[in-house]
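Note sheet for the following structure.
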Amino acid sequence: DGSDVLNLDFQATALFDVSGTISHKGAPLEGVTIEAGALGNTRTDSRGQFQFEQVEEGTHYQITASKEGYAIKSNLGSGVITSDLAVPFAATQLFAIRGLVTHKGRPLTGVSIDGGELGFRTTGGDGSFSYEGVAEDTKFQVGVSKEGFIFSSDTDSGELSGADQSLHFAARQLFTISGQITNRGVPLSGVEVDGGALGKTTTGADGILPF
């Protein structure tokens, strides 16, 4: 309109790049899903890298990484953008420990499974049990027990390294052999009884065999 322009004020906002690398035992991990809220979503490339460009300073961010079969963590996964940011993530591969308990080749239900720090399980109708999502290099010891049964081996142990673990426990049922010795209807004590592989025993005051 012919008048002078005295002042023009501009407010600048700095833009930064947010990038990251995901590795597993020092090797890049491809195909990891990256979710970063307002920054967007992406996947890592063959170098295990991802990037969000031109992010405004002061932006609050929270970045999560996920891939089936892995646990992925970072100490820098959340915060406020004040400069270019590189976020390293470390991945740990996860495996399963699965087992089967049988009696004469048939599934045995109701067997107590003690996995120590992994927790407790009970076999179902198919005789199986499992621990899912166990970190690689985990040392484990799994024990089994059920009243009235013994097992060819009641514990199995190992270390997860590169593959799922499959365990098998075979059970044998236990029975009781009992009897009573009497003389004219009166319990007879002190009778020595030889049970062969069962061992030797002596009847008590009630005349009963304590096998």
Side-chain angles (χ1 to χ4, degrees), residues 24-27 29 31-33 64-73 90-211:
H24 171 241
K25 291 187 173 181
L29 190 59
V32 179
T33 299
T64 60
S66 61
K67 182 173 184 174
E68 186 175 357
Y70 291 86
I72 305 174
K73 298 180 180 180
T92 301
Q93 196 164 7
L94 304 177
F95 296 103
I97 299 173
R98 301 187 179 99
L100 179 66
V101 184
T102 60
H103 172 238
K104 292 184 175 181
R106 297 180 179 179
L108 185 60
T109 185
V111 179
S112 297
I113 310 298
D114 183 357
E117 293 183 358
L118 299 177
F120 293 88
R121 300 287 189 273
T122 303
T123 58
D126 60 357
S128 69
F129 65 91
S130 68
Y131 295 96
E132 305 290 336
V134 183
E136 60 189 329
D137 302 326
T138 294
K139 294 181 180 180
F140 65 88
Q141 180 168 301
V142 176
V144 296
S145 62
K146 181 177 173 71
E147 187 174 356
F149 290 86
I150 60 173
F151 300 86
S152 54
S153 174
D154 57 7
T155 61
D156 200 346
S157 60
E159 182 174 348
L160 287 175
S161 179
D164 295 336
Q165 289 287 320
S166 180
L167 310 178
H168 180 219
F169 297 91
R172 289 185 296 162
Q173 195 165 6
L174 300 176
F175 297 96
T176 298
I177 299 174
S178 61
Q180 185 180 41
I181 298 178
T182 60
N183 177 30
R184 297 181 180 182
V186 179
L188 188 60
S189 64
V191 179
E192 185 177 290
V193 179
D194 186 351
L198 301 178
K200 295 182 179 180
T201 188
T202 303
T203 58
D206 54 5
I208 294 177
L209 310 179
F211 280 118

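Positions are given from 1 along the sequence.
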* More than 12 heavy atoms of other groups within 6.0 Å of E147 CD -> no

* **Side-chain donor/acceptor of T109 to backbone N/O of G124, under 3.5 Å** => yes

* Before giving the answer on side-chain contact (heavy atoms from CB on, under 4.5 Å), spell out for V144 and F149 the whole-Å C-alpha distance, their side-chain angles and the decisive distance to 0.1 Å. => CA-CA 10 Å; V144 296; F149 290 86; over 6 Å; no

* **Pairwise side-chain contact, F129 with V142, heavy-atom cut-off 4.5 Å (strictly under)** => yes

* Structure fact -> For S128 and L100, the nearest pair of non-hydrogen atoms, with its separation, is N-CD1, 4.1 Å

* **From Q141 atom CD to D156 atom CG, the distance as rounded to the nearest 0.5 Å** => 9.0 Å

* Which heavy atom in T92 sits nearest to a heavy atom in A135, and how many Å separate them? -> CG2-CB, 3.9 Å

* Atom pair OG (S130) and CG (L118), whose distance is rounded to the nearest 0.5 Å -> 11.0 Å

* Asked: Could you walk me through whether F140 and I97 pass the side-chain contact (heavy atoms from CB on, under 4.5 Å) check?
  -> CA-CA 9 Å; F140 65 88; I97 299 173; 3.7 Å; yes

* To do: Give, for atom OG1 of T64 and atom NZ of K73, the distance between the pair rounded to the nearest 0.5 Å.
  => 14.0 Å

* **Distance, nearest 0.5 Å, that separates OG of S145 from CD1 of I113** => 7.5 Å

* To do: Please check if atom CD in E159 has more than 12 non-hydrogen atoms from other residues, nucleotides or ligands closer than 6.0 Å.
  => yes

* Pairwise side-chain contact, K25 with D137, heavy-atom cut-off 4.5 Å (strictly under) -> yes

* Check step by step if side-chain contact (heavy atoms from CB on, under 4.5 Å) holds for L108 and T123. => CA-CA 7 Å; L108 185 60; T123 58; 5.5 Å; no

* **Distance (rounded to the nearest 0.5 Å) between Q165 CD and L160 CG** => 5.5 Å

* To do: Say whether, by atom type as modelled, one donor and one acceptor occur between the side chain of E136 and the main chain of F95 under 3.5 angstrom.
  => no

* Asked: Does any N or O in the side chain of T203 come within less than 3.5 Å of the main-chain N or O of G190, such that one atom is a donor and the other an acceptor?
  -> yes

* Identify the heavy atoms of S189 and G204 that sit nearest to each other, and give their distance. => CB-O, 3.0 Å

* Identify the two heavy atoms, one from P187 and one from A205, that lie closest to each other, and give their separation to 0.1 Å. => CB-O, 3.7 Å

* Provide the closest heavy-atom pair for A171 versus H103 in the form atom of the first, atom of the second, distance. => O-CD2, 3.3 Å

* **Exam field: side chain T182 to backbone R184, donor-acceptor pair closer than 3.5 Å** => no

* Evaluate the ring planes of F169 and F151, with Trp represented by its six-membered ring, and classify them as parallel (under 30°), tilted (30 to 60°) or perpendicular (over 60°). => perpendicular

* Calculate, to the nearest 0.5 Å, the distance between atoms NZ and CG belonging to K67 and L29 respectively. => 4.5 Å

